[in-house]
Protein chains: 2
Amino acid sequence: MILINKPTELHEKIKEERQKGRSIGFVPTMGALHEGHLSLIQVARSNHDLVVVSIFVNPLQFGEGEDFETYPRDIDRDQELCRQEAVDILFAPSVSEMYPETASVEIKVVEGVDVLCGQSRPGHFDGVATVVLKLLHMVWPDAAYFGQKDAQQVAVIKQMVKTLSMPLSIVASPTVRESDGLAKSSRNVHLTKDERQIAPKLYQTLLEAKEHASGGANRKELISFIQKRLETLTLGRVDYVDVLSYPKLEQVEELSGTIILALAYHFSHARLIDNIIIEK
Amino acid sequence: MILINKPTELHEKIKEERQKGRSIGFVPTMGALHEGHLSLIQVARSNHDLVVVSIFVNPLQFGEGEDFETYPRDIDRDQELCRQEAVDILFAPSVSEMYPETASVEIKVVEGVDVLCGQSRPGHFDGVATVVLKLLHMVWPDAAYFGQKDAQQVAVIKQMVKTLSMPLSIVASPTVRESDGLAKSSRNVHLTKDERQIAPKLYQTLLEAKEHASGGANRKELISFIQKRLETLTLGRVDYVDVLSYPKLEQVEELSGTIILALAYHFSHARLIDNIIIEK
């Protein structure tokens, strides 16, 4: 595995590999890798000749008062994990290398962002779209891999790639969970002991809601069902709960087709998100 | 030469060529090809294994009341000219193929567009940036070729490619002119006989202003010099005249470095632009 920090150096290397006709799989991450990321790397590894992983905590997707400064970083451990997964190129640029000067164009996401994290984190997906577009340009892979835990991100990126006519595949992989059901997240390290004990209730609530949905509950009833259960938790507070069509993320009162049950929850130092997708 | 209308078909063909390790040169146009376009094609032809030309009159870059409907179109003649220039692929998609559904993201140009055509055609460069970004994604060339007559377009696209970390070259070629100095433009066919006689004065005025600049005139004096000369023309009216740093397009009172003298002029059915770039 080689570690590359400079975009120009990445470009040289990628160009070389492309000329050999090698297929490229790309896993963009913000580092602090966990089994969720590793599962993406493993899928990419099995599908491509060359696997590129990027680690970049993207300031553009953090709002004021969010956790950009405290977002977990551990490049040495990440590097070791990537090596173990037989990653070919680990790309870890600095902020000044990714954003060298004033931006001359801005990317604005205009569909599917008035709900969920798009609503509670204004501008977040503009930052996500910008960095993913830049990284895709730098690597120009055959396919890029994302975790389904960030379901809205997956939807936004799939739509962006389509709108901007990028001939590459966006592949989503299932959420990887702890044995008690808590979705793996880099932010879980910021949970207190007590919060960590309660946190699996988020997923359990989604599973119970799924059960409830199969009994014929409509959108409003499901949202209220989830919200009430979450309000019984003794720590933290609900950021949002919603039930929407997926991937369009539209409000459909009578549920049919592919539906996402999604929530965000604030603990003292970590805002966690989770979702499940059901077929109605 | 092959003519391709469908983006998916283009993608297949390009992928094939890429895998052979062939270098790709790309000339995006709105058709109605003239010697200006042909000179771009010739440079691309001499630099690359594969030359792709696109013809697409992009509705997104025309404002209300502008000449989208009447913009000259002659695909048969264009096709013949491309064949003569040994173009490999002529890509001519329909509007519905380029913009198949609601856009999920929007590209907004935020630098260098509060002047010249950016000011007199609001939204124009957002449309240009969007279509060029999409076409660059579709072709993913080693280099793309643009005419220096559209100097602001060249500046905007060069900056976009840099901001979005696209590892490809944007090459600008000198404006090609009629023997009397009129810049070649697809829109020249819309000039009346009388207007056609007057039109070379636009370039002559720029040349006289260049002379005036070498005598030490500052920005305001140069603008006023050009404006006064244009006001003596018996047909048409000035859209704008400006003198700016290039490619930054900033107002610099005391001229130094690379400077653009640019104008836009309305005749009855054609709005023409022209510019010269001088070193101070």
Side-chain angles (χ1 to χ4, degrees), chain A residues 7-16 18-23 54 91 93 97-113 118 125-126 128-140 142 155-168 247-249, chain B residues 7-16 18-23 54 56 91 93 97-113 125-126 128-140 142 155-168 247-249:
Chain A
T8 49
E9 201 182 321
L10 178 72
H11 176 222
E12 281 311 305
K13 182 69 188 158
I14 292 277
K15 200 174 169 186
E16 226 171 73
R18 267 258 167 262
Q19 277 169 351
K20 292 180 199 157
R22 302 184 79 188
S23 137
S54 68
F91 177 52
E97 272 153 348
M98 281 298 286
Y99 299 116
E101 54 180 69
T102 323
S104 71
V105 298
E106 288 173 358
I107 310 295
K108 190 144 188 57
V109 183
V110 294
E111 287 269 308
V113 287
F125 285 111
D126 295 339
V128 169
T130 304
V131 80
V132 170
L133 185 61
K134 281 168 71 78
L135 288 167
L136 290 175
H137 286 156
M138 288 172 176
V139 179
W140 206 242
D142 296 278
V156 163
I157 291 170
K158 277 192 176 176
Q159 280 307 114
M160 173 180 79
V161 159
K162 204 169 165 189
T163 294
L164 297 182
S165 306
M166 305 177 83
L168 48 88
K248 285 256 174 197
L249 302 176
Chain B
T8 49
E9 201 182 319
L10 178 71
H11 176 221
E12 281 312 304
K13 183 68 188 159
I14 293 278
K15 200 175 168 183
E16 227 172 73
R18 268 258 167 261
Q19 278 168 351
K20 292 181 199 158
R22 300 184 79 186
S23 136
S54 68
F56 180 64
F91 177 53
E97 272 153 349
M98 281 297 286
Y99 300 115
E101 54 181 65
T102 324
S104 71
V105 298
E106 287 173 0
I107 311 295
K108 190 144 186 56
V109 183
V110 294
E111 288 270 308
V113 287
F125 285 111
D126 296 338
V128 169
T130 303
V131 80
V132 170
L133 184 61
K134 282 169 69 77
L135 288 167
L136 290 175
H137 286 157
M138 288 172 176
V139 178
W140 206 243
D142 296 277
V156 163
I157 290 170
K158 278 192 176 175
Q159 280 307 112
M160 173 179 80
V161 159
K162 204 170 168 189
T163 294
L164 297 181
S165 306
M166 305 178 84
L168 48 87
K248 286 258 174 197
L249 301 177

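When reading the values below, keep in mind they use all heavy atoms of this one structure, side chains included, and skip hydrogens, waters and symmetry mates. A, B, ... follow the sequence lines: proteins, then strands. Residue 1 opens every chain.
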Residue among B:Val131, B:Val105, B:Val109, B:Val113 with most heavy-atom pairs under 4.5 Å to chain A: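 Among B:Val131, B:Val105, B:Val109, B:Val113, the one with the most close pairs to chain A is B:Val105.
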Heavy-atom pairs under 4.5 Å with chain A, option from B:Lys20, B:Glu101, B:Met98, B:Gln19 with the top count: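 The candidate making the most pairs under 4.5 Å is B:Glu101.
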At their closest point, which heavy atom of A:Ser104 faces which heavy atom of B:Met160, and how far apart are they?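 Minimum heavy-atom separation between A:Ser104 and B:Met160: OG-N, 3.5 Å.
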Under the side-chain contact (heavy atoms from CB on, under 4.5 Å) rule, what do B:Leu136 and A:His137 come out as? Steps first, then yes or no, please. CA-CA 11 Å; B:Leu136 290 175; A:His137 286 156; over 6 Å; no
Hey, which of [options] has the most heavy atom pairs under 4.5 Å with chain B?
| options | answer |
| --- | --- |
| A:Arg18, A:Lys15, A:Met138 | A:Met138 |
| A:Ala129, A:Pro100, A:Pro167 | A:Pro167 |
| A:Ala103, A:Gly21, A:Gly112 | A:Ala103 |

B:Glu106 and side-chain contact (heavy atoms from CB on, under 4.5 Å): which single residue from A:Ile107, A:Asp126, A:Val110, A:Thr163 fits?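 Among A:Ile107, A:Asp126, A:Val110, A:Thr163, the one that satisfies the side-chain contact (heavy atoms from CB on, under 4.5 Å) with B:Glu106 is A:Val110.
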Relative to chain A, which segment of B:Pro7 carries a heavy atom at a distance below 4.5 Å: side chain, backbone, both, or neither? neither
